[in-house]
Amino acid sequence: MKDNKNSEVTTPLPTREGQGGGSLASKYSPAEVEGKWYQYWLDNKLFSSKPDGREPYTIVIPPPNVTGVLHMGHVLNETIQDILVRHARMEGKNACWVPGTDHASIATEAKVVNRLAEQGIKKSDLTREEFLKHAWAWTEEHGGIILKQLRKLGCSCDWDRTAFTMDGPRSESVIKVFVDLYRKGLIYRGVRMVNWDPKALTALSDEEVVYKEEHTKLYYMKYYVCPSSDSSPVGAENDKGNQSPLPNRGGDGEGAGNVVHKDDRGYYAVVATTRPETIMGDVAMCINPNDPKNQWLKGKKVIVPVVGRVIPVIEDEYVDIEFGTGCLKVTPAHDVNDYMLGEKYNLEAIDIFNDDATLSDRIATAQQKSLAEVSVPDDFVIDLQRYVGTERFACRKQIAEDMVAAGLMEKIEDYDNKIGCSERTGVPIEPKLSMQWFLKMQHMADISLSPVMNDDIQFYPAKYKNTYRHWLENIKDWCISRQLWWGHRIPAWYIEPGPTPTLPREGAFPWGKVIVAENEEEAYKLALETYPILKTLEAPSGAVGGATGFSLRQDEDALDTWFSSWLWPISLFDGIRNPGNEEIKYYYPTADLVTGPDIIFFWVARMIMAGYEYEGMMPFKHVYFTGIVRDKLGRKMSKSLGNSPDPLELIEKFGADGVRMGMMLSAPAGNDILFDEVLCEQGRNFNNKIWNAFRLVKGWERPTPDPSRGGRGEAGAQLSNESETLPLTGERGEGLSLATAWFEAKLRIAAEELADDFSKYRLSEALMTVYKLFWDEFSSWYLEMVKPAYVDGKPQPVDRATYDATLQFFEILLKMMHPFMPFITEELWQALYERQPGESIMRAELHLPAATDADRQLCTDFEAAKEIVTAVRAVRSQKNIAPKEKLVLEVVSNAQPSSDSEALPLTGERGEGLSLAIQKMANLSAVNVVTEKSKGSVSFLVGTNEYAVPLGNLIDVEAERKKLQAELERIEGFQASVEKKLANERFVQNAPAAVVEMERKKLADAQQKIASLRESLASL
RNA sequence: GUCGGCAUAGCUCAGCUGGUUAGAGUAUCACCUUGACAUGGUGGGGGUCCUUGGUUCGAGUCCAAGUGUCGACACCA
């Protein structure tokens, strides 16, 4: 048979025959099952969503970099999203998961530049258009690989909606928003101190700077003092003195705390810095006016060593008296704080670097200029020409050596410092003054803070609300321009004189003025409108384009990547270009956002801003922050450590379902997850367990009569129509065992737990709930109870009711597990009953009736029955009695009636069922109710009831006595603690009545147990 | 430096508004293969709930301090 043949190699299921369960391989092999069903889902458009009357459930994917490759972080993130989406879909919602990629301007541009470099092409040799051609080619070649990989994971994205942050609709949206914000006065252009990445050659936002701890040096440099407050240089005339520079010498004590340095060249101040090369940009020295050490420097001028520039000593309380010597060199062009001082005291900013952080020849010209103004002794000066063109760190090393050699360095100390580095290229940031575009953030912060603080948007875990608030309350303007080509080019044009030479160029023309518009044509129109004088430059009618007397030059810069990402939840539904369209109305706001806390500012906060600015509503209702995936030693996964497994290899090894489960088993929201392959192994083992449970059930002969299920079709498999389906809810079918009733109750209770877990986004707990439900309750208890006995080597047939119920349970379990393990559940769901073409578990809804008090009582009773079984098994284990050997259980019913319902009813209808269940599970030949247990029996307590297993002479009296004695002591200890509590008057007075009552009952139970244990001991 | 989180079994974590002498998964140990599954079954062992103090009749849970750890932000040149 076909089935037999296949089962040797792999494990396809017989979907029609229904028979042949026994011929299934004993191991589940996911490889071809997964490919097959993913294709089936695609073919049947099961992921696709269109607006309709159902409640929408929307997730937009955090777009991975277009050239990215799937890593473990994605696996975690996308698995969570897929679980949420599949869960919502099975709740009957219109689930829509929109996939896409991000152009990641700086990262992608860097990759393209690298690749070009490998081909010997320099970016600077290309025009913008040529470069972009390469970039698009690269994007098309590598782009979307990651989206293909998501399919292997089982992600149920609506692929027809796949978007890219730089595709047509998204780009247009970005431009529209830029223009809009500019017109609202929220975007401006100006010269500011920005974070400059000298490798990528672009400005960065504050968020793109990461601080790294580094061991560096602190250099103490000598700044010689000009002897008088005029700018006379230190020189010959100074020789007459070893004259102290101190004012009021020997006077009233002012300057008593002065710390003065002097050597044979004269008096000097000492300035400590980590960056000696920046002295070339020094324009002042600053002291704290309250610093007693440096009073003597007030009003003086000092000479910048090496450079020879004479600079003033200024005073500002900004300077920290405690740090270094209390003397701060001021380099406005290369330090944010110095820049502020420069602004305050109107100091010149000398930019000493080129864009790539090599030393600019400006240092040499500045030196010549200052030396021409004031002459300083030659031995204070080194010709700066020698540093021009050197790289900043090489220069630092060199200048430090040179200063030591020239006697201009006081000392050098080791120093630990935190250095701001580019998040992308990793190189240290150079603070740099430059003209950039900014978005004013105060307004954005104002509209986006309260929705999070008052939980209109809920964060999971909520602790990130603090982080969010802190950032918004200290917000700074967002530098949105990047000196890159790959990205959305800023829609700003500058008015310049046109090519027509005869027209007037001078005068009141707005040369250099900026026009912001959606395109050049608009800009042109707007320019004429804004500056009517330009009309006088227009060529005679009929002339076209460049024939005018002015032209427009578009800004070279591109926008920060996040300036497009922040519109993602809106632009995906075309809400910017086409406000109020059907899709945006239906899908927005989205339901859940799943992302890492590392981009809370980059992305989450800014999406919230854009959401309120453009839709007047939050972009999502819940944010689920995932943790960082680390290895089992807690280290971040990284390429250099080689500790990051390839997700695709893992999928090959454990199956996608196994990997998903491995990821989710230890991924509570917000906590870092320590990933270990053994978790995937556990996932795979679980799949195998499900598979084998299915083999068991499928191996049962279908009881007759066996009407084709066609008539009732799918309805027969759904518990939602309660009265029609499982007969258990209504009238109990004759042959239905207590096991069936119990498991049905169990399912309903579990469904409620699951719903609760999902509502709190506790997905790993939800997974653990179904894991235990399937493995422990269903497989280990339920199936073991209903599994047919073997007679003469043959399994007995299963009765019809049990058979039907079991299949229905299986189906419900598959549905519960499906969001976590989509492939195996689809495979088995399809094989469980005959299905119509195109049907899928994906669209099967799962609604169970609420659990009742009776359900809970049944489960409680059943737990007691389980305890009895476990206790009997323990007796076997301790006495080395083979599982096959049948035993007898005695229920000791003393005259004292058991205190209440806690005692297990073993009489009556339910009692009989429980009794039978216990017999089967503990392999007993009988359960006898006795008033006194047999001699030579081992006894145990469940609740306050006593049970005994007669063992005849197998019993070891001494061991038994010991065991009972230990148990007795334990309970007596417990009793003592309860008695003590009850003896405390204040407890009885203050504690709620119910609590006191509970304690009384505990005491009564303990007393009863003690009595029964003493009796047992005595009877030994 | 400022702010915040966390600290419970060997490991990873639950433990919700204080109320059984603290739970799960995994690991570990012992025993068990003819009947779905050794990727399995059964049973067992394993905790000073970080420390100290406080509030309370009662604290793993609340408060304070300390220690350790992780993170965010700010940075001193």
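Each chain gets a letter, A, B and so on, in the order the sequences are listed, and its residues count up from 1. Only this structure's heavy atoms are used, side chains among them; waters, hydrogens and symmetry mates stay out.
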Should we say atom [atom1] of [X] is surrounded by more than 12 heavy atoms from elsewhere, each under 6.0 Å from it?
{"X": "A/Glu985", "atom1": "CD", "result": "no"}
{"X": "A/Lys636", "atom1": "NZ", "result": "no"}
{"X": "A/Met998", "atom1": "CE", "result": "no"}
{"X": "A/Glu322", "atom1": "CD", "result": "no"}

Nearest listed nucleotide, side chain of [X], among [options]:
{"X": "A/Lys1002", "options": "B/C57, B/C76, B/U20", "result": "B/U20"}
{"X": "A/Tyr771", "options": "B/G19, B/A36, B/G25", "result": "B/G25"}
{"X": "A/Asn990", "options": "B/C57, B/A77, B/G43", "result": "B/C57"}
{"X": "A/Phe323", "options": "B/C57, B/C76, B/U21", "result": "B/C76"}
{"X": "A/Phe987", "options": "B/G40, B/C57, B/A36", "result": "B/C57"}
{"X": "A/Arg986", "options": "B/A77, B/C57, B/G25", "result": "B/C57"}
{"X": "A/Thr274", "options": "B/A77, B/G40, B/A36", "result": "B/A77"}
{"X": "A/Ser26", "options": "B/G25, B/U39, B/C37", "result": "B/C37"}

In this structure, how many angstroms lie between the [atom2] atom of [N] and the [atom1] atom of [X], rounded?
{"X": "A/Lys760", "N": "B/A14", "atom1": "NZ", "atom2": "C1'", "result": "12 Å"}
{"X": "A/Asp757", "N": "B/A24", "atom1": "CG", "atom2": "C1'", "result": "13 Å"}
{"X": "A/Ile971", "N": "B/U20", "atom1": "CD1", "atom2": "C1'", "result": "13 Å"}
{"X": "A/Arg1000", "N": "B/C57", "atom1": "CZ", "atom2": "C1'", "result": "14 Å"}
{"X": "A/Ile287", "N": "B/C76", "atom1": "CD1", "atom2": "C1'", "result": "17 Å"}
{"X": "A/Tyr803", "N": "B/A36", "atom1": "OH", "atom2": "C1'", "result": "15 Å"}
{"X": "A/Glu681", "N": "B/U12", "atom1": "CD", "atom2": "C1'", "result": "16 Å"}
{"X": "A/Glu972", "N": "B/U21", "atom1": "CD", "atom2": "C1'", "result": "15 Å"}

Spacing of the [atom1] atoms in [M] and [N] (rounded, Å):
{"N": "B/A59", "M": "B/U21", "atom1": "C1'", "value": "14 Å"}
{"N": "B/G68", "M": "B/U51", "atom1": "P", "value": "15 Å"}
{"N": "B/A7", "M": "B/C49", "atom1": "P", "value": "14 Å"}
{"N": "B/U8", "M": "B/C50", "atom1": "C1'", "value": "10 Å"}
{"N": "B/G44", "M": "B/U39", "atom1": "P", "value": "24 Å"}
{"N": "B/C6", "M": "B/C13", "atom1": "P", "value": "13 Å"}
{"N": "B/G18", "M": "B/G58", "atom1": "P", "value": "15 Å"}
{"N": "B/A9", "M": "B/A14", "atom1": "P", "value": "12 Å"}

How is [X] classified with respect to the nucleic acid when contacts are heavy atoms under 4.0 Å: base, sugar-phosphate, or nothing?
{"X": "A/Tyr415", "answer": "sugar-phosphate"}
{"X": "A/Ala693", "answer": "base"}
{"X": "A/Val319", "answer": "base"}
{"X": "A/Glu999", "answer": "nothing"}
{"X": "A/Ser779", "answer": "base"}
{"X": "A/Gly324", "answer": "nothing"}
{"X": "A/Pro992", "answer": "base"}
{"X": "A/Gln682", "answer": "sugar-phosphate"}
{"X": "A/Leu674", "answer": "sugar-phosphate"}
{"X": "A/Lys329", "answer": "nothing"}
{"X": "A/Arg970", "answer": "base"}

Assess whether side-chain contact (heavy atoms from CB on, under 4.5 Å) is satisfied between A/Tyr219 and A/Met409, documenting all intermediate values.
-> CA-CA 7 Å; A/Tyr219 302 87; A/Met409 187 76 78; 3.8 Å; yes

Approximate separation, where rounding is to 0.5 Å, of A/Leu24 CG and A/Asn692 CG = 9.0 Å

Least distance between heavy atoms, [X] atom then [Y] atom:
{"X": "A/Tyr28", "Y": "A/Asn687", "result": "CD2-CB, 3.8 Å"}
{"X": "A/Leu328", "Y": "A/Val271", "result": "C-CG1, 4.4 Å"}
{"X": "A/Ile311", "Y": "A/Met285", "result": "CD1-N, 3.7 Å"}

OP1 or OP2 of [N] under 4.0 Å from side-chain N/O of [X]:
{"X": "A/Tyr790", "N": "B/A36", "result": "yes"}
{"X": "A/Arg684", "N": "B/C37", "result": "no"}
{"X": "A/Lys27", "N": "B/C37", "result": "no"}
{"X": "A/Lys632", "N": "B/A27", "result": "no"}
{"X": "A/Asn688", "N": "B/U39", "result": "no"}

Under 3.5 Å: donor-acceptor pair, side chain of A/Asn417, backbone of A/His215 | no

Starting at the 5' end of RNA chain B and moving along, which residue's nearest nucleotide shows up first, A/Asn984 or A/Arg762?
-> A/Arg762

With nearest nucleotides of RNA chain B determined for A/Ser877 and A/Glu784 from heavy-atom distances, which residue corresponds to the more 5′ nucleotide?
-> A/Glu784

Can you check each nucleotide of nucleotides 68-75 of chain B against protein heavy atoms at under 4.0 Å and return B for base, S for sugar-phosphate only, - for none, in 5' to 3' order?
-> ----SSBB

Its dot-bracket string being built from Watson-Crick and G-U pairs below 3.5 Å, with | for another strand and [ ] for crossing, RNA chain B has the pattern (((((((..((((.....[...)))).(((((.......))))).....(((((..]....))))))))))))....

Is there a donor-acceptor contact under 3.5 Å linking the side chains of A/Thr769 and A/Asp757?
-> yes

Quiz item: cation-pi between A/Lys418 and A/Tyr211, 6.0 Å / 45° = no

A/Phe809, A/Phe810, A/Phe774 screened by ring-ring contact (aromatic ring centres under 6.0 Å, His included) with A/Tyr782, the one that passes = A/Phe809

Do the charged groups of A/Glu430 and A/Arg275 touch, with an N to O distance under 4.0 Å?
-> yes

